[in-house]
Amino acid sequence: MCGFAAIFTYDGSRPDERQLTRMTDVIAHRGPDSSGYWQHDNVGLGFRRLSIQDLSQAGDQPMSTDDDRYTIVFNGEIYNFIEIRQQLEKLGHRFHSTGDTEVLLHAFREWGWNCLPKFNGMWAFLIYDRETRKLFGSRDRFGVKPLFHANVDGRHLFSSEIKSIRANSEHEWGVDWNMAAEFLINNNLDHNERSFFSGITKIDPGTAFEIDAEGNMTRWKFWELPPIDADYSADAAAEFADLFADAVNLRLRSDVPLGVFLSGGLDSTSIICEMDRINRGLPESTAISAFSFMHREFDESEFITDTMNQVSANLQKTSTDGAHLWENVSDALWFHDEPVHSMTALIGFELAKITRNAGIKVILNGQGADEAAAGYTDYFENYWHSMMSRGEYLRCWNEIRAFAAAFGSNAGQIFMATFSRLLRAQRRRSALYRRLSGRRHLAAGQSHPWFGDGLRSHLRYAEAPFLDHRLDPRLRESVTGEPLPLYLRIEDRNSMAHGIEVRLPFLDYRLVSLLFRIGDRWKMKGPWNKHILREAMKGRIPESARVRKEKMGFPAPVKTWFAGSLYDAAVSILSEQRTRERGLYDIDRILEDLRQHRAGTTDVSMPLFDVLQFELWLRR
């Protein structure tokens, strides 16, 4: 787990060593343990290392093969590197280190880009071939590890973070105001390959690419989510349990101490209980380090206590208030390079800092389970929609009745609302309807009362897409489009800001593949979301956590904070002359709505935070 930067020129020049050093040094937080640089002809590679596997110098990067043909910079982990190494050794490969970087390098030498499907892990890497003068690169299936790219002035620039590319001072990197308008007005964030800086883009997840000596770049997808297997008839819960156990086990491979973020929810509870089960089978087991954020308005202590009574773990609890989080918001935005989705991201930033101060460099977390296994409450609507679209009205009615009984809702109203949505969904198949909807959406954005014409003019018309509201298409969009890519970005920047590696067992590609092969019947049942996970965890986790219906995560009482401890800070930022002079905001309207928020007649906490953080981001 590290960070890297690269310059690949195709205009006849050599990479500027000073530029490469600046690009690498600005992401030193991603790799505080060591650094390295390598240049040859038109290629320069810089690296910052966070030592997790093979802590010796044999694991340093950039790393080259014995004949110097191939050189790699690699950020991430290949969890099954031991098994791949054994295959390569049988084919005659010899190794000088015990880590995964050298295994990746030799795997590419042996199989070319076909090595990628063999990897179980998270990665972004570049490999330069001196013989062909080509640069090969890839990003893991789900985009857990970041990789940014810019093609300017006869150079391809790559890095793990945007600020690294911007440190290349030979080019002026301006704000992409269309992205800014989409964020502030339409609340769109990390919804495409573009960044908040013109010319800097993301390499798509599940992608491989190659650049030849003339600078021509070719990209292709090496992996996609599998289709539903209509013939699947195995015990999905049993298969899930076995795969999950192996996914956790693989992610415990480390030469440094590990811990877990524990929220009290189903996902993190499943992880810590599996870690404990594996730990108890080791000759010398030690207590697991667990870290939890708690707040009196979102009390999950009952579930955490039940879990701690079952496992051998040391729990470190943390709580914070809005004022403390606000002290760090500018610094957090610098590490993120772009605005974040909510103040919950700041809680994660704080939690990562506490974790590193406790001496932990690797954390397991539950990211990805909600999107792949249907964990959000609004997925119930998609589940019912799926049944109705297949004509399964009686089954849908029975499922809604079970849901309504558990949550005290009116089953008849839910059923009719679902049927109404089904009818409305048919209209969206019409191209004319989507064009009109796109124009209405643009008109609404261009009349937003909080922003001036200078910002609203950057909105662009786009035909409204056809949104398939069945559960399976919705989950595919959740994993590949929104919201998972955003959450993975937040996770990566928060952790790497403090030199921590986060591993995500629920994003083991075998688990995700199973979830998309089995369809919706195993994902939801009556009042239960993530039905397959609940079934798989029977007898493995505390029953209180297994059958809890409410979902919290790491919530923040932002509404209360902006009406209280953060009110004056918000007024101060909005009232400053430089804020008004930007011409982006209708300050008087925002201040009036903030006063109404404090009085309790409205809630503008979410859009208010977006405006405030964007202003601070511009200043930083």
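Numbers here simply count residues along the sequence, with the first being 1.
Between Phe614 and Trp177, the angle of the ring planes goes over 60°, which puts this pair in the perpendicular group of the 30/60° scheme. Note on ring orientation: taking the six-membered ring where Trp is involved, the planes of His171 and Trp173 are tilted (angle from 30° to 60°). Taking the six-membered ring for Trp and thresholds of 30 and 60 degrees, Phe209 and Phe136 have nearly parallel ring planes, at less than 30 degrees apart. Note: Phe183 and Phe196 have perpendicular aromatic rings, judged against thresholds of 30 and 60 degrees for the angle between ring planes. Ring geometry for Phe335 versus His498: interplanar angle of 30 to 60°, hence tilted.
By the 4.0 Å N-to-carboxylate-O rule, Glu338 lies too far from Arg166 to be salt-bridged with it. At a threshold of 4.0 Å, the pair Asp492-Arg30 counts as salt-bridged, since one of the basic side-chain nitrogens sits closer than that to a carboxylate oxygen. With respect to the salt-bridge test (charged N to carboxylate O, under 4.0 angstrom), the residues Asp100 and Arg85 do not qualify. Taking a cutoff of 4.0 Å between a charged side-chain nitrogen and a carboxylate oxygen, Arg474 and Glu477 do not qualify as a salt bridge. No salt bridge links Arg155 with Asp16; every basic N to acidic carboxylate O contact stays at or beyond 4.0 Å. A salt bridge links Arg69 with Asp129: the distance from a Lys NZ or Arg NE/NH1/NH2 to an Asp or Glu carboxylate oxygen falls below 4.0 Å.
Contact annotation: the side chain of Arg14 approaches that of Asp41 to within less than 4.5 Å [non-hydrogen atoms, C-beta and beyond].
Checked against Leu266 for a side-chain contact (heavy atoms from CB on, under 4.5 Å), the options Ser268, Ser263, Ser270 give a single hit: Ser270.
Both the sub-6.0 Å distance and the 45° axial angle are not jointly satisfied by Arg109 relative to the ring of Tyr70.
Under 3.5 Å, the side chains of Gln61 and Thr101 contain a donor-acceptor pair of N or O atoms.
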